[in-house]
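These notes are about the structure you will find just below.
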Amino acid sequence: MSERRKPYPFDQIEPKWQSLWEESRAFHAPNPGEAGFDSTKPKFYILDMFPYPSGAGLHVGHPEGYTATDIVARYKRASGFNVLHPMGWDAFGLPAEQYAIKTGQHPEITTRANIAKFRMQLKRIGFSYDWEREVSTADPRFFRWTQWIFLQIYNSWFNSETQRAEPISTYRGDDPDSVRLAYVASVAVNWCPELGTVLANEEVIDGKSEVGGFSVVRRPMRQWMLRITAFAERLMDELEPLDWPVGIKLLQRNWIGKSEGAEVQFTVADAGKELEPAESGVGITVFTTRPDTLYGATYMVLAPENPLVDSIAVSEQKSAVQEYREQVAAKSDLERTDLAKEKSGVFTGSYAINPVNGERVPIWIADYVLMGYGTGAIMAVPAHDARDLEFAQRYDLPVRAVVQAPTGAENVGYVGEGAAINSPLLEGLPTVDAKEKIIRWLEERGHGRRTINYKLRDWLFSRQRYWGEPFPIVWREGKHEALAESELPLEPPPLEDFKPTGTGEPPLARAKEWLRYSEAATRETNTMPQWAGSCWYYLRFCDPANDSRFVGEGAERYWMGGDQPAGVDLYVGGTEHAVLHLLYARFWHKVLFDLGHLSKAEPFQRLVNQGMILGEDGRKMSKRWGNVIDPLDVIADYGADAFRCYEMFMGPLEQMKPWSMKGVEGVSRFLARVWRLVLEENQAGDWVRSGLVQEIPPNKRQLKMVHATIKKVSEDIEALSFNTAISQMMVFVNEFTNAPARPVSALRTLLVLLNPFAPHLASELWQRLAQEFPDGESAIEKVPWPQYDPAYLIEDEVEIIIQVNGKLRDRIVVRLNAAEEEMKAAALASAKVQEFVAGKTVRKVVIIPNRLVNIVAN
RNA sequence: GCCAGGGUGGCGAAAUUGGCAGACGCGCCAGACUUAGGAUCUGGUUCCGCAAGGAUUAGGGGUUCGAGUCCCCUCCCUGGUACCA
């Protein structure tokens, strides 16, 4: 490959332009108030999901989104916008720590080296980032403000009346610690013994850790939680006006999982004379989305972990109940959620009273009822719930249909809506009305109330790791308190041994000196999860060097302001962050907004997910298959411009698509054709101006091509349809390659259009043309984006198609805007048409001006 | 199971409001220039057919003068999710 003769000297021009851009600060975006800031221009904030700088370096997947945003950034700059287009590093994270455990190398060293490698690779692709805004989440100047934001959250509560976060000082209750947005709770967490840490639900996949695939067990531990559930409603509602893919919006909505329904209170009946009664009068509250089926509730089920079980189980059943609870506790999450398994449960021996009809219904425990959702208890309506039915059949419990199924369907097993039956209070009412009526009935009697439930849980925010942000919290006499802002940043202590302690005690506990805050107080030893930095990095980019505020007010107002509901105009990244990162970041953003620190309640206006790039064999790229493509290898052989253009030419940005080296070659040929459109090789082997390039006006056909290309490329960039934009430029180049002469003006226009895609090539050719044919502007990135003139796209004549019975039979040329009668006459005169209508009667003639004539005959 | 997105040549893919299916690129075939071609240029290339012509956008049905595009059913693929009451 190294022997390959280069189709054009990209290996010389690419480094040349990269260093010129760097020296001239070509892509630096000044902030309002700074030298060079042009306040007459509108802003455009284009954000990439910043990478975790892994040791493996850049993968071809990264530059796919980055190239797309780079094209938009260069296009927007040329179109008269102040463009914020930054890059940084999501630098805290498990791999560096794991590496440290293995080698003893401090994560900071590993991270710094990896960042240097990533930065070099990105620069080698020629991205137009404003490198003066580079940030790293592991930099104390950055995480100082991550800690500061944590304190904002810690010092806030959610006022349900205003539906906003407010400073804790406005809280009037007795115990502020019970309402803080950051709080400590003992919760059953996902403990991963192998990693020696707890994981968020989102980091556990099928009972295994997302990182490493180690098994995970449930275990109660004291953890920091963030009260994201308080924002559930707003996280759903405020998603609405955003320009996100519908699929991602849906994913977030499903994750939040809003269910409207009612809580219904059942009382535990006297458990029976001969048994030691459960404490009479104990209430069991259930959540249901179908209160209209209350008459069909023939038994109840509690989650095995439900604390009420102790007081409800009668003595004769206690041992069976206890045994079942132990069985369940021993099961891993994976086993428990295994759908293939049969439902199981145990009778508690007690009965509850159904408030609507006074009926005694048995109370069971079963692991298909989860403690973590609703109230940890259900009323079972086996006739209209598949799970309850399965359970009822297994244990021979009564089934009573209370909803009329549509004709043809059995009532039992029907889970849809329909008229209520066997329900005295609700008889005949459709589901919607029946729900309303029964809820009112329950509320009037104090047996229940209307309520809403969410699947979303509070966010488990602490980790037992070394390589993360320490909490700015100290413990004094068993109570937590905030560090003063002046004590930030709180840096992690130097450690030799990064290993998890294995007890759940974080590695920071090893740093005895650091741990001791004062005589009476010790530091919190947990660290924050990797999500913390990425929750707000896009804000820091607005003002990355500010040491007195997390982001300057003016900078925030400018870059995160504007007319739209959210500040970042375009955000491109992988679907893997569809729920977690995007939900967490929106949550933090709302807290900061509510506290008056931000301009908008939402961060990201337009979101686009790039599709995954597969190996040449159509499989996911991985070392295992040996199909991994290294961007630097491709660049060495074909150049950065070919790499960029190929990534965009492969297919639609959002689609999954396989890599093809042949495809790279094809795009590389296209760029070489552009090169040779302007230059030719002389006897000495030097590239000199092609003799065909002349200062002449383009002919009519060429003008049409120029303007059609401006239109197509501009519109396609706006729509992120880069593959078709490139294809239009290919058509342009094919056309001009064959022309006897090449007007300079047309070539210049092409170069400006091509510049966002292949900036090194376009810059070089632009400069050479400027030397041959001097004009006012010497740097292509300063040239305004061309506008097309529709007048050049219109022809005097148009070719229309002639169909007979919908089939194409002929095409003829008519004047533009020819009258219908004229088109009809011309069509009927066609010999081909006559041949096909011979012996038939023309029934109808459909005429679409400037397009077609369809003759219907039989 | 449920939700979402897909299914168009040998391959990656195009196709405004329903209006020439297959732009552009890869691959392949032929030719030109060349000592040479793995460089470059030109032409061809959905399938069947010598041709006229016919068929064709996963499969089936429908609406329409006209459907890749709209409606209904079925099949297949990808992603998400998984007892959420």
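Note on naming: letters A, B, ... go to the chains in the order of the sequence lines (proteins, then strands), and numbering restarts at 1 for each one.
Between A:E820 and A:K824 there is no salt bridge, since no side-chain N of the basic residue sits under 4.0 Å from a carboxylate O of the acidic one. With respect to the salt-bridge test (charged N to carboxylate O, under 4.0 angstrom), the residues A:R253 and A:E240 qualify. A:E233 and A:K258 are joined by a salt bridge, as a carboxylate oxygen and a charged side-chain nitrogen come within less than 4.0 angstrom of each other.
Note on ring orientation: taking the six-membered ring where Trp is involved, the planes of A:F757 and A:F722 are perpendicular (angle over 60°, cut-offs 30° and 60°).
A syn orientation is assigned to B:G9, its glycosidic angle lying within 90° of 0.
With both ends at atom P, the span from B:G53 to B:G60 equals 26 Å, rounded to whole Å. Between B:G9 and B:U46, the two P atoms lie 13 Å apart (nearest whole Å). To the nearest whole angstrom, the two C1' atoms, one in B:A51 and one in B:C70, are 38 Å apart. When the C1' atom is compared between B:G61 and B:A13, the two are found 29 Å apart, to the nearest whole Å.
When both pairing distances are held under 3.5 Å, B:C26 makes a Watson-Crick or G-U pair with B:G10. As the counterpart of B:A85, no nucleotide is assigned, since no Watson-Crick or G-U wobble pattern has both distances under 3.5 Å.
Take the nearest nucleotide of RNA chain B for A:R290 and for A:F670: the residue whose nucleotide is more 5' is A:F670. Judged by closest nucleotide on RNA chain B, A:K807 is the one of A:I378 and A:K807 placed further toward the 5' end.
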**OP:** Mark up nucleotides 7-24 of chain B, 5' to 3', with B wherever a protein heavy atom is under 4.0 angstrom from a base atom, S wherever such an atom reaches only the sugar-phosphate, and - elsewhere.
**Re:** -----BSS--B-BB--BB
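A:N805 comes within contact range of no nucleotide atom at all, as no heavy-atom separation falls under 4.0 Å. At a threshold of 4.0 angstrom between heavy atoms, the contacts of A:R843 with the nucleic acid are absent. Within 4.0 Å of A:K455, counting heavy atoms only, lies at least one base atom of the nucleic acid. Within 4.0 Å of A:R253, counting heavy atoms only, lies no atom of the nucleic acid at all.
Here B:G66 presents its C1' atom at 15 Å from CD1 of A:I800, a figure rounded to the nearest Å. Look at CG on A:L677: it is 11 Å from P on B:C41, rounded to the nearest Å.
For the salt bridge (Lys or Arg N to Asp or Glu O under 4.0 Å) condition, no pair includes a residue of residues 834-858 of chain A, sequence neighbours left out.
When atom types are taken as modelled, the side chain of A:Y299 and the backbone of A:L397 share no donor-acceptor pair closer than 3.5 angstrom.
For A:F836, counting side-chain heavy atoms from C-beta on, the closest listed nucleotide (B:G27, B:A85, B:G54) is B:G54. Nearest to the side-chain atoms of A:T288 among the listed nucleotides B:G27, B:A85, B:U42 stands B:A85.
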**OP:** Tell me, with the steps shown, if A:V706 and A:Y792 meet side-chain contact (heavy atoms from CB on, under 4.5 Å).
**Re:** CA-CA 9 Å; A:V706 168; A:Y792 291 115; over 6 Å; no
Sub-3.5 Å pairs of nitrogen or oxygen atoms, protein against nucleotides 34-36 of chain B:
none

